[in-house]
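So the structure is just underneath, and the comments pick up after that.
Residue numbering restarts at 1 for every chain, and letters A, B, ... go by the order of the sequence lines.
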Amino acid sequence: MLKACWRMGSLSKGKEVHAHVTKTGLDSDVYVGNALLHLYGSTGQVTDARRLFDGMPHRDLASWNTLLGAYNDNAVEVLVLFKRMMYEGIGGDHISMVIVFSACGKIGGTEFGKEVHGYVIKVGIRPALSLSNALLWVYTRCGEMDAAQSLFVEMAAMRDVVSHTILFNGYVDMGSIDLARGIFDQMSVKDLVSWNSMIHAYVKAKHPKKALELFRKMENEMVEPDETTMVSVLAACASLADLQNGRLVHRFILQNNLRQDLFVGTALIDMYAKCGSLEEAMVTFYKMDSRDVFTWTTAIEGLANHGHGDKALSLFTKMEKQGIKPNQATFVSILMACSRSGLVKEGCLLFKRMVEAYQIQPKIEHLGCLLDILSRAGLLHQAEEFIKLMPPEEKIIANKTLLSACMNHLEYDLGEKIANGLTELSSQSHATHILLSNFYALAGQWAEVAKMRRAVKETDIRKVPGISSVDIKT
DNA sequence: CTAGGGTTAG
């Protein structure tokens, strides 16, 4: 009965059964208890699962494993619970270990993983395939590809699709995409996940054409794509700015009855916006029946990139009204919108709100946007003050931005101050010398210009084009 | 009861 409930994912029916079982006293049975645990765990009711577990008169290993499984999204809780298991003298089996290893991989800590590995050897749990795969995953997640490779070799007799996929994804994370492809091509059995992984790897590595090529190959081999495939393929179209192809993919999604979930919807919005069709992006946005912070941020970014700062702002306001909490990426988009559209006051207020109301630590992207906003508006002294708040390693680039702004606004005095600072701060970079040379030329300080030209010649033998002409933006 | 894949940012 309870099995039927969890297969249907019906929590309410399960609760009815739970009540009935409690009345008849059947709930003291371990099997019934475990079934209930699974029901709550699989429907995301982790707190209920925990309460039930704590109140169970009898528990067996399956009860512990089921609770571990319920905590699968919370790696720290898994490790805490496992420590308690060891403390209470409950020896885990290979199922517990798979969950625990997975948690170690998510946290990325090798120490605990190694500790657990030692425990597995000590207790003598047979390294079943699932356990070896989980360990393989821990190694790849911790960047220990040598260890992963040798474990993979040890597993030669029992490797499956999952082992291969874990290994080549490890190489992808290291940036060795060709190595990854080599493993992928050698796999005699490929499933949906391995295809999706390899396609996505090309998208991540900025090889969108190869991603699309592989997608076609997947179709030729009659493997049915799913939503995850579509997200990667849409991202590939977006980075190629290939609207025709993007529309074809959209049609493909509709024709094959693939779900337009949050991921697919967001990828569609991004694709249309990046391919230049803001209208289709916004139609997609408004058609979606649920939207999360990614969806909103993507739409705001699209509006910003198309120069609609005002619309981006009102969408941001709408988002807040709907109770969606913006994150740091949202603020990058909205500040970018302000910077592009010259919305000085709004940009400053939003920056303030980000720090004060949302307690988001400004990252260099945010600082850069605000600096841009101030510089373009000619608020150069405020920009100068602002640079003082930036981390030292960003000050050079920030001062270059400010110096360019000084040139655009013909602010020689401040410009000279910045230029002097830059001469001291800066490494002997070409770009800096050229910028300084241009500034001094604009300010009519020919002695300094000569000095900078000499510096340019010293740092590079190559002739730098354009050095003798002064670029004045009008 | 367990393991591998997906969305935002010059």
Under 4.0 Å between any heavy atoms, over every strand shown, what does [X] touch: base, sugar-phosphate, or nothing? Just pick one.
X	result
A:Thr298	sugar-phosphate
A:Asp261	base
A:Ile166	sugar-phosphate
A:Asp93	nothing
A:Leu192	base
A:Ala62	base
A:Met97	nothing
A:Val293	nothing

With a 4.0 Å limit, can you tell me whether [X] has a side-chain N or O closer than that to the phosphate oxygens OP1/OP2 of [N]?
X	N	answer
A:Lys106	B:dA3	no
A:Asn305	B:dA9	no
A:His200	B:dT7	yes

Length of the [atom1]-[atom2] vector between [X] and [N], whole Å:
X	N	atom1	atom2	value
A:Leu135	B:dT2	CG	C1'	14 Å
A:Lys363	B:dG10	NZ	P	11 Å
A:Lys400	B:dG10	NZ	P	20 Å
A:Leu37	B:dC1	CG	P	12 Å
A:Arg340	B:dA9	CZ	P	12 Å
A:Leu131	B:dG4	CG	P	13 Å
A:Trp195	B:dG4	CH2	P	21 Å
A:Asp372	B:dA9	CG	P	18 Å

Aromatic contact between [X] and [Y], with the criterion being ring centroids under 6.0 Å apart: yes or no?
X	Y	answer
A:Phe152	A:His164	yes
A:Phe285	A:Trp296	yes
A:Phe184	A:Trp195	yes
A:Phe331	A:Phe316	yes

Any idea which of [options] is nearest the [X] side chain?
X	options	result
A:Phe263	B:dG4, B:dG6, B:dC1	B:dG6
A:Val332	B:dC1, B:dA3, B:dA9	B:dA9
A:Glu301	B:dT7, B:dG10, B:dA3	B:dG10
A:Gln328	B:dA9, B:dG4, B:dT7	B:dA9
A:Ala329	B:dG6, B:dT8, B:dA3	B:dT8
A:Ser102	B:dA3, B:dC1, B:dA9	B:dA3
A:Lys274	B:dA9, B:dG4, B:dT2	B:dA9
A:Thr165	B:dG4, B:dC1, B:dA3	B:dG4

Note to self: Using the six-membered base ring of B:dT7, report whether A:Phe294 stacks on it, requiring centroids under 5.5 Å and planes under 30° apart.
What the structure shows: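 Yes, A:Phe294 stacks on the base of B:dT7.
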Notebook entry, point to check: What residues form a ring-ring contact (aromatic ring centres under 6.0 Å, His included) with A:His18, not counting sequence neighbours?
Noted result: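 By the ring-ring contact (aromatic ring centres under 6.0 Å, His included) rule, A:His18 matches A:Tyr40.
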Notebook entry, point to check: ring-ring contact (aromatic ring centres under 6.0 Å, His included) with A:Phe351: which residues, sequence neighbours excluded?
Noted result: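 Listed in chain order: A:Phe386.
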Check: Between the base of B:dG4 and the side chain of A:Asp191, is there a donor-acceptor distance below 3.5 Å?
Finding: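 By the distance-only test, yes, there is a pair.
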Margin query: Let me confirm one number: the NZ-OH distance from A:Lys210 to A:Tyr202, rounded to the nearest 0.5 Å.
Written below: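 Reported value, rounded in 0.5 Å steps: 5.5 Å.
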